[in-house]
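Throughout, a chain's letter reflects where its sequence line sits, starting with A, and its residues are numbered from 1.
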Amino acid sequence: MSELSVNHLLGIKYLNSQDIQLIFETADHFKEVINRPIKKVPSLRDITIANLFFENSTRTKLSFELAEKRLSADVINFSASQSSVKKGETLIDTVNNILSMKVDMVVMRHPNPGASVFLSQHVNASIINAGDGAHEHPTQALLDSYSIRERLGQVQGKNVVIVGDILHSRVALSNIFALQLQGANVMVCGPKTLLPKYIDKLGVKVETNLKKALQWCDVANMLRVQNERMDMTYFPSTREYTQQYGVNSALLNSLDKEITIMHPGPINRGVEITSDVADSKQAIILDQVQNGVAIRMAVIYLLASKIKH
Amino acid sequence: MNVLIKSATIVDSKSDFHNDTCDILIEKGVITQIQKTITAPSKTKEISLENLHVSQGWFDNSVSFGEPGYEERETIANGLRTAALSGFTDVAVNSNTNPVIDSYADISFLKGKSQDNAVNLFPIGALTKHSEGEDLAELYDMKNAGAIAFYDYQKPIRNPNLMKLALQYASNFDALVYSFPQESQISGLGVMNENVMSTSLGLKGNPSLAEELQIVRDLFLLEYTGGKLHIPTISTAKSVELIRDAKARKLDVSCSVAIHNLILTDDELKTFNTRFKVLPPLRTKSDCNALIEGLKDGTIDMVTSDHNPLDIEHKKIEFDYAKNGTIGLESAFGALNSIFTIKKTIELLTKGKERYGLNSTPIAVGQKAKLTLFNPSETYTLTKDLLHSSSKNSIFEEHQLKGKVYGIYSNHQLVIK
């Protein structure tokens with residue numbers, strides 16, 4: 001198989017395991033490219049990509065832009081801190097205005113779950129979801145799995161725990177779908193107030209005790225508490241949260257094995273992860289960032305090749 | 001106009017002619033003959049339609065139109081025409097207009113606008129001023145103008161003391177008070193049923209708990225105050241249990257269910273289609289089954305289409321921003337008839353009037369003619385071009401329905417497609 005089963009990347013739940021395999025193999029190639037002295041290939045000289053960010057982003061936006069430029073695509077950026085509706089223009093109108101300037105692909109981050117799915121149903125362009133509310137962040141999950149594969153050889157059969165604010169996290173959801181698709185065992189761990197009530201029905205283990213979770217896992221993916229998405233207080237204080245769900249070297253040393261620590265960033269040092277852990281050899285946080293560019297190049301390249309057909 | 005309905009199968013379990021195929025002669029609005037064969041007198045319009053069935057005129061206890069204020073969604077004139085072509089001779093119309101229907105003058109406006117129509121419009125007044133949930137509206141005055149019940153459409157009364165006062169005050173003049181079953185702190189910003197589907201879509205969930213908690217509160221209040229309480233559009237299995245238990249304890253409570261909540265589940269939302277965004281939200285298959293059971297054993301008193309026209313600008317947007325609601329008059333019969341027998345379907349569509357003190361008109365010689373004409377066996381897929389409503393937000397679009405409505409005879413008028 002040499003092409004994706006989908007025309008958009010809206011979420012991991014819309015992919016199959018061959019798609020993930022293809023993306024990883026393509027990313028292997030691009031990872032080699034970005035480590036060359038000349039980090040650029042001319043593959044997408046005829047493609048124009050719009051990065052539409054309706055929500056703040058630093059690393060995802062930079063990563064996408066870098067991926068696009070290293071594939072030689074033309075890139076335009078559009079940022080709106082407020083939703084299009086509040087500005088009076090509908091999302092479809094905003095995007096169609098941009099598309100009428102002959103744009104082939106849209107990378108969109110949006111605060112509303114399903115916004116990219118909605119857009120894909122109503123506009124004529126290939127859509128990549130760069131995060132839609134608490135729904136999905138597929139490229140993050142792909143680069144996370146890719147990083148596990150790189151560190152541990154494979155994803156299949158590995159025990160992965162996602163720790164923290166699962167309720168407000170698109171990263172958690174995309175990771176659950178991606179890891180399950182590749183045959184990993186998934187656990188979520190956090191205070192009950194930050195775990196969706198029906199999360200176990202997605203086929204994941206649920207644990208509220210961090211030490212037990214870490215003892216079970218091969219990999220721990222530490223999430224940030226998403227204060228900006230909370231409409232009320234879900235735990236009394238950061239201090240209490242850290243006491244229960246912060247990972248530190250004493251906790252890691254008390255385990256009978258060495259586990260891999262991941263974090264999608266941005267890190268709140270001293271909250272969910274201490275500095276010595278974040279900077280340790282067990283952590284692959286910066287590998288994740290580097291792999292992010294290769295994964296995004298792979299996704300863009302594979303979707304663009306479908307446009308050409 | 002005098003009308004002779006030819007060869008119609010009568011579906012009316014209270015009529016002597018139930019299941020008989022007869023001709024029905026209507027003169028000056030009154031049924032004057034029901035016979036195997038009647039020869040049409042002069043100046044009589046003859047109606048002969050394929051597989052024609054007739055029943056008593058249907059009643060919908062929760063219909064929203066846009067007038068005044070949201071005429072782009074639906075006008076009263078076209079709304080009533082839609083009701084007629086969908087088989088409804090009587091509709092109770094909600095107060096969710098702009099301004100909200102909360103005064104004698106507002107009720108009089110609705111009555112005036114619907115005067116001389118084939119369909120009877122029964123206004124439901126707001127329970128609180130502007131439906132803001134702060135102070136009681138002029139309930140007595142509105143009742144005198146023709147309001148049949150009092151309801152802040154789909155807005156929970158958050159203050160339990162206000163609900164207590166409403167039940168006490170309305171009982172002075174035997175008025176029916178509605179309480180929308182949703183505890184708003186628990187429902188929070190939920191936009192769909194809380195379950196595995198909401199989890200998988202990352203959409204905020206509105207848990208069953210929110211509905212059930214409010215029902216428990218209101219049943220406790222009713223037990224304390226006395227009075228008459230109606231709980232509109234319940235949607236969960238436990239809600240059915242709670243009301244079943246309250247009825248066993250002889251509380252004067254009634255409830256309804258929206259037809260789409262009997263048939264569709266939250267699985268429909270998997271593509272974020274805003275057509276399926278309704279309040280109460282679509283729940284699970286086991287909730288649907290419990291609601292159907294509740295209808296069969298009489299726990300749930302009546303069904304409603306909960307017809308709520310919304311223009312495309314409020315639906316073709318991101319899911320979180322889209323408004324709740326679906327039109328339902330056009331699909332009500334075809335949807336119900338696809339899950340119940342024809343006898344049960346007609347029983348459900350003609351039920352509920354007595355709760356509002358409205359009379360039924362049986363199919364018998366000497367009775368006022370108020371009939372619905374339909375073909376129960378034709379199956380079809382509902383498409384936008386079949387809709388009469390100004391707004392096309394139908395939850396049953398692309399759904400297979402069973403049974404087509406021809407129209408009604410009511411108030412001396414024949415309205416058929």
For [X], look at atom [atom1] and say whether over 12 heavy atoms of other residues, nucleotides or ligands are found less than 6.0 Å away.
| X | atom1 | answer |
| --- | --- | --- |
| B:K323 | NZ | no |
| A:K205 | NZ | no |
| A:N124 | CG | no |
| B:F220 | CZ | no |

Gap between atom OG1 of B:T271 and atom OH of A:Y14 - 0.5 Å precision: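 Spacing of OH (A:Y14) from OG1 (B:T271) equals 8.0 Å.
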Separation of B:I317 CD1 from A:L91 CG (nearest 0.5 Å):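 Separation between the atoms: 10.5 Å.
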Flag side-chain contact, heavy atom, 4.5 Å: A:H135 against B:L203: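 No; the side chains remain at least 4.5 Å from each other.
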Non-hydrogen side-chain atoms of B:L201 and A:K13 separated by less than 4.5 Å: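 SC-SC contact between B:L201 and A:K13 confirmed.
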Check: A:K201 side chain, B:N195 main-chain N or O, donor-acceptor pair, under 3.5 Å: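 Not a single qualifying donor-acceptor pair exists.
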Closest approach of A:L173 to B:S200 (non-hydrogen atoms, all atoms of both residues):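 It is CD2-O, 3.5 Å.
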Closest non-hydrogen atom pair between A:P113 and B:G202, with its separation: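 Smallest heavy-atom distance, with atoms named: CG-O, 3.2 Å.
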The single option from B:F272, B:Y321, B:F319 passing side-chain contact (heavy atoms from CB on, under 4.5 Å) against A:N112: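 So, applying the side-chain contact (heavy atoms from CB on, under 4.5 Å) to A:N112 and each of B:F272, B:Y321, B:F319, only B:Y321 qualifies.
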Contact origin within B:T274 toward chain A - heavy atom pairs under 4.5 Å: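 For B:T274, neither part sits under 4.5 Å from chain A.
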Under 4.5 Å from any heavy atom of chain A - which part of B:K316: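 Contact with chain A: backbone and side chain both.
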Winner by heavy-atom pair count (cut-off under 4.5 Å) against chain B, out of A:R170, A:E136, A:H122: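 Answer, by heavy-atom pair count under 4.5 Å with chain B: A:H122.
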